[in-house]
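Here's the structure we're looking at; comments come further down.
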Number of protein chains: 2
Amino acid sequence: MQNLTRDELRQRLLACGLKATHQRIVVFETVMALHGQHPVAEEVYQLLKPANPSISLGTVYKTLDTFVESGLINRVFTEEGGKRYDPNTEAHSHIYCSNTKEIIDFEDAELDQLLLEFFKTRNMENFQFRSCSVQLMGCKVEPDKKVTIQRVSK
Amino acid sequence: MQNLTRDELRQRLLACGLKATHQRIVVFETVMALHGQHPVAEEVYQLLKPANPSISLGTVYKTLDTFVESGLINRVFTEEGGKRYDPNTEAHSHIYCSNTKEIIDFEDAELDQLLLEFFKTRNMENFQFRSCSVQLMGCKVEPDKKVTIQRVSK
DNA sequence: ACTTAGATAAGAATGATTCTTACTTGGTAA
DNA sequence: TTACCAAGTAAGAATCATTCTTATCTAAGT
């Protein structure tokens, strides 16, 4: 996830048919810089506020929802209620820690492949499949350290 | 999912170390009758209110959370925010329809098996695994008809 | 039946999100 | 370039779900 310049951000907005306003560019920039995290609107607002004190919280809420509708970002599913956003639009799964309440990206090409293969063996009636992902529930052993999930080396 | 008698419900509450109050029995009974659905607290409240007009909404909220803590029911992950509950505590996945906003249970033993096998091939560092499930995103073709996902017959 | 820790009713308080309205602006076309 | 207007925004009011508070009540053990 390279950092995009404001002009590149502007292009992506226009490509979605959205007016490239200053507010949208800044919200987009801020949320993209949080790749790997899953912020709520308020958090995005707090981050961009110092450099952009005139942008209102309501605009951040509205803008994030607009981005989801346009597919620029995703919502992430939560157990607690509350809307969280995910800058990562690649297929990936999430790890939910019941201890720290963290939501951690889990990218695993083999898993994605496995699921795709699986759903090829299924006949879906009356359902137009868009995507699927896995949610892993559990808890961090040491709350301050990172979680890693990797292939077992033979 | 057979209907449990009130005495059986009472036993299950006591087995979890919970006082078997009238309110808890009624909330438990109501939510269990919604097997396959994923109600919010308000919906449970509306259902039990006619026969139990003295139970307050706050109690329903609190009781449902107590049940989740005790493992009698689960929360279900939502994209919209808002807390929904799942009477089904067996391992299963969910289908999310972006059209009707429905959340539909998807039980598939082969999928569960596949995931278990997969995670055996992974080494988790600093994470105590509890469970996992799949979420299927898409939309119903005909909103009023049921979705079915079944093995393709050879 | 007596006791008491825990549970509840009622409604106030909170907090997140949406809505309203008057004002502003990006992008288009003259 | 300028003028125009559909769309976007700021500000704050309104709404809605959920939690909290407190006085009262009750299940279950003695």
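Proteins come first, then strands; the chains are lettered A, B, ... in the order of their sequence lines, and each starts at number 1. Since this is a predicted model, take the numbers as computed values, not measurements.
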Check: Which residue lies toward the 5' end of DNA chain D, B:Arg10 or B:Gly81, if each is placed at its nearest nucleotide?
Finding: B:Gly81

Margin query: When you measure from the side-chain N and O atoms of B:Ser56 to the phosphate of C:dA9, is any distance below 4.0 Å, counting only OP1 and OP2?
Written below: yes

Check: If you take all heavy atoms of A:Lys120 and B:Val152, which pair is closest and at what distance?
Finding: O-CG2, 4.1 Å

Next item on the list: Specify the separation, in whole Å, of atom CG of A:Leu48 and atom P of D:dT9.
Entry: 12 Å

Next item on the list: Using whole Å, report how far CG of B:Asp65 lies from P of C:dG6.
Entry: 19 Å

Checklist line | A:Arg75 with A:Asp65: basic N within carboxylate O range, under 4.0 Å | finding: yes

Margin query: Using a heavy-atom cut-off of 4.0 Å across all strands, would you classify B:Leu14 as base, sugar-phosphate, or nothing?
Written below: sugar-phosphate

Item checked: Nearest to side-chain heavy atoms of A:Lys19, which nucleotide of D:dA28, C:dA9, D:dA6 -> D:dA6

Checklist line | N or O in side chain of B:Lys83 less than 4.0 angstrom from D:dT19 OP1/OP2 | finding: yes

Check: Among B:Lys140, B:Lys146, B:Lys145, which residue meets the salt bridge (Lys or Arg N to Asp or Glu O under 4.0 Å) test with B:Glu142?
Finding: B:Lys145

Next item on the list: Send over the distance from B:Glu43 CD to D:dC16 C1', rounded to a whole Å.
Entry: 15 Å

Next item on the list: Name the residue closer to the 5' end of DNA chain D, choosing between B:Gly82 and B:Thr21 according to the nucleotide with the nearest heavy atom.
Entry: B:Gly82

Note to self: Any base atoms under 4.0 Å from A:Ala20, or only sugar-phosphate, or nothing? Heavy atoms, all strands.
What the structure shows: sugar-phosphate

Next item on the list: Report the distance from atom CD1 of B:Ile55 to atom P of C:dG11, rounded to the nearest whole Å.
Entry: 17 Å

Next item on the list: For B:Pro53 and for B:Leu18, locate the closest nucleotide of DNA chain C by heavy-atom distance; then report the residue assigned to the nucleotide nearer the 5' terminus.
Entry: B:Leu18

Next item on the list: Using atom OH of B:Tyr45 as one end and atom P of C:dT8 as the other, report the distance to the nearest whole Å.
Entry: 14 Å

Checklist line | Any donor-acceptor pair under 3.5 Å from A:Ser98 side chain to A:Gly138 backbone | finding: yes

Note to self: Assess, by modelled atom type and distance only, whether the side chains of A:Glu107 and A:Asn88 contain a donor and an acceptor separated by less than 3.5 Å.
What the structure shows: yes

Notebook entry, point to check: Which whole-number value in Å describes the distance from B:Lys49 NZ to C:dA9 C1'?
Noted result: 13 Å

Checklist line | Integer-rounded Å distance: C:dA7 C1' and B:Leu64 CG | finding: 15 Å

Checklist line | Whole angstrom value for the distance that separates C1' of D:dA10 from CG of A:Leu57 | finding: 11 Å

Note to self: For a quick test of reading the model: is some side-chain N or O of A:Tyr61 closer than 4.0 Å to OP1 or OP2 of C:dT17?
What the structure shows: yes

Item checked: From C:dT8, C:dA9, D:dT9, nucleotide with atom closest to B:Thr63 side chain -> C:dT8

Checklist line | D:dA10 OP1/OP2 closer than 4.0 Å to side-chain N/O of A:Gln23 | finding: yes

